[in-house]
Amino acid sequence: MRDTSQAVGVVDARNQNWADFRVFVQQFGAQICKLVNAATGASGAANIEPAGKYYLYTLYKLTVGSQAFDIQYFRPGSSLSDLAFNRLSGMMKVGQDDQLFQRHIGFIDEHMILIAQANGGPALSEKIATDSVDAWSRALGRWHGAISQKAPRRTASGTMYNYLRHLYRGEKHDVDEHRDFLQSLPVLEEVLVNTNSRLSHYTCLSDGQVCLTKPTAFRMMPLAWGLLESGLALSKRFPDHIEQIVDGLVQGWAEGGGQSNWEHATFREIVKVFCTIEPDTRHIHESHLAQGYLDAFNSTRGQEEPRVELAFQSPHFDVKLKQPTKTAIKALRSRLIDIQCAPQIVEAEGQRPDAPIEPKVRSAAQSNPSNALGALCGACSGYCCQFGLQNHAYLKASDLAAFSETRPDLDHEGIADAYIDKIKSRHARNGCLFQGSKGCSLPRDMRSQTCNAYLCGSARQVLANEARLQKSKARVLFVAGSKGAPTLWSDTKTKPLSGA
C-alpha cells in the first residue's frame, strides 16, 4: 500500500485545505470584523458562516449585529486567482459611486480577501417577469452602459465574427448564417466586461436599478460584450420577448452612457443576432423546442396513425471514442488511493476516517428505471458523464469504502486497481474514463452515489409523468440535443425508434 505521508503531501501541494473554515476564522476573523467596524460602525455579535465554495474562491457570510456582509477568499498560489481578484477589486472600486456593485468595505490584498456589504434586494431572476421584461432589460442595459465608461480597455484587432466563431461558443453553422454582417464589424478595442450573465447574480434596487452582487467573471472582450451576454440570458428565459429585450438593452445602454463604434441600427442588429444566433441551443426554452417537434411529428401522421402525446427535450453528448491516455489513468489511480488514505481529503468530503459506512440507498426509479427513463438516457448518451473526467467519476471516500466492504481481500491499491480494470480500450473523448459506446463500464455497485442518484431536469420531468405514461401507455417523443435529433419511444418498445 502506498505510504499515507505521500498522500498527505499531495493534499498540501494541491491546496486542498486552502479554505478550511476553522483556519480561516482563526486567521482572519478578527481583522475582518475590525475592517467592517471601521468602515460601517457595525457592532454587536459577529458570526461567520460558509456560503459556498467555487473554483477560484470560497464565499463566507458575515453578520455583525443586524448588518450582513459577503466575504470572498480567493485561492492562494493561483495565477488565475490573482488575475480574478485584481480585476474584481479594481472594478468594484471604480463602480462604487454609481451603486453598480455592492458597497465594498475593504480588501486584505496580501491574502486576496474581498469584503462587501450584502445587498438585501431581491435577485433579478426572481423579480423579472413577462410584464416587466422591457423595464428590467433597460435597467440591465443602463448597468452595462455605465460600467463600460469606467472599465479598463486596450486596443484590439479582429471582427465580431472572429470572436463569435473562434473565441466564443457560437455554433459554426449558426454563426456563418450572419458571417458577412459579423465580418463587417471591426473590433478595435477590448474592454474589461462581466461575462457571467446569470440573472441571479444581479439584485434589484428600490429605484428600479440593478446592482451586480456576485461579480466573478471579468474578461477583456469587445465593447458591449457584457450587454450581449445579458441579452443571451434574457432571451433564453423569455424567448417570446426578444424584440422587447433588444430594445430595452439598447435604450438602457445609451441612457447609461454607453457608446459603440457602430450606428444605432447596426448596434441593435448586433444585439439581436446575439440573442438569436443559437435558437435551438440557448434561446428557446426546452419545452418550446420539444413541443415544436411534437407538433411537426404529429402533422405527418395519417388519420389512422397514432399521435404522440408527450414530448421531452433531453441533453445530448455526441460520443466520439478515443484511447484513454496513460496520464489520465495514472491520475485517476492516484486520486483513488489518495481519497482512501489521506484523512484531510476524507474530512473535506464530510466523512471522518472512523465514521461508520452508510449503505447506499437508491430509489426504485434509479434501481429499476422505467423504459421511458431508459429511452431518455439512451437519447442523451451521457451528457452529464462527460464531466466525470475532470471529477474522477465523482468517486468519494464513502463510495470506495462501500465497495471495499464487498471486497475485504483488497487493500487501497487493490481497490484502485479494481476500478482501473473497468476502463475499456476506448472511452468517450473529453468524457469520463468509464464512459464508452454502451454507457458506463462500471457496475452500479461501483459507481459513485452521485452517478447513481443524479437526475437531470429532463429525467425528473419523465418521472413526474411516470403514472400518466403507465396508465395511458402514451407514445413519447424525445428530442435529443440542441439541434433536435428526435427519437420516438412507446410502451411496446424498449429502444428508441429512429425516423421521427
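- When the side-chain contact (heavy atoms from CB on, under 4.5 Å) test is applied to A328, the partners found at least two apart in sequence or on another chain are T325, L433.
- Looking at N37, its side chain never comes within 3.5 Å of a backbone N or O of S43 through a donor-acceptor pair.
- Remark: D109 pairs with no residue by the salt bridge (charged side-chain N to carboxylate O under 4.0 Å, His left out) rule, at least two apart or across chains.
- Summarising the local packing, OH of Y383 is surrounded by 12 or fewer heavy atoms from other residues, nucleotides or ligands at distances under 6.0 Å.
- With sequence neighbours excluded, the residues that form a side-chain hydrogen bond (donor to acceptor under 3.5 Å, both in side chains) with D409 are R407.
- Across S125 and R237, no two heavy atoms sit closer than the pair O-NH2, 2.9 Å.
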Stepwise side-chain contact (heavy atoms from CB on, under 4.5 Å) test for K396 and Q449: CA-CA 8 Å; K396 296 182 173 63; Q449 180 71 356; over 6 Å; no
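- Between the side chain of Q340 and the backbone N or O of L400 there is no donor-acceptor pair closer than 3.5 Å.
- Residues Y419 and L332 form no side-chain contact, since every pair of their non-hydrogen atoms from C-beta on lies 4.5 Å or further apart.
- Scanning for side-chain contact (heavy atoms from CB on, under 4.5 Å) contacts around A118 gives A68, D70, Q102, with sequence neighbours left out.
- Every residue was checked against the side-chain hydrogen bond (donor to acceptor under 3.5 Å, both in side chains) condition with S381, not counting sequence neighbours, and none meets it.
- F28 pairs by the ring pair (Phe, Tyr, Trp, His ring centres under 6.0 Å) definition with F24, Y73, H111, not counting sequence neighbours.
- Not counting sequence neighbours, the partners of A151 by the side-chain contact (heavy atoms from CB on, under 4.5 Å) test are M91, V191, L192.
- The closest donor-acceptor contact from the side chain of W143 to the backbone of L100 lies under 3.5 Å.
- For N391, the side-chain hydrogen bond (donor to acceptor under 3.5 Å, both in side chains) test picks out no residue, with sequence neighbours left out.
- For H104 and F101, the distance between ring centers is not under 6.0 angstrom.
- Checking side-chain atoms of T406 against main-chain N and O of F403 turns up a donor-acceptor pair under 3.5 Å.
- Around atom NZ of K322, more than 12 heavy atoms belonging to other residues, nucleotides or ligands sit under 6.0 Å away.
- Considering CG of L234 and CG of L124, their distance stands at 7.0 Å, rounded to 0.5 Å.
- Listed by chain and residue number, E49 satisfy the side-chain hydrogen bond (donor to acceptor under 3.5 Å, both in side chains) test with N47 (two or more places apart in sequence, or in another chain).
- Between the side chain of E405 and the main chain of A401, no donor-acceptor pair closer than 3.5 Å is present.
- Partners of K320 under the side-chain contact (heavy atoms from CB on, under 4.5 Å) rule, at least two apart in sequence or in another chain, are D318, R429.
- Remark: side-chain polar atoms of T213 are paired, donor with acceptor, to backbone N or O of H201 under 3.5 angstrom.
- Not counting sequence neighbours, K127 has no partner by the salt bridge (charged side-chain N to carboxylate O under 4.0 Å, His left out) test.
- A side-chain donor-acceptor contact under 3.5 Å links N194 and Y202.
- In this structure, the side chains of L88 and F74 come closer than 4.5 Å at one or more pairs of heavy atoms.
- Panel note: side chain H427, backbone C432; a donor-acceptor pair is recorded below 3.5 Å.
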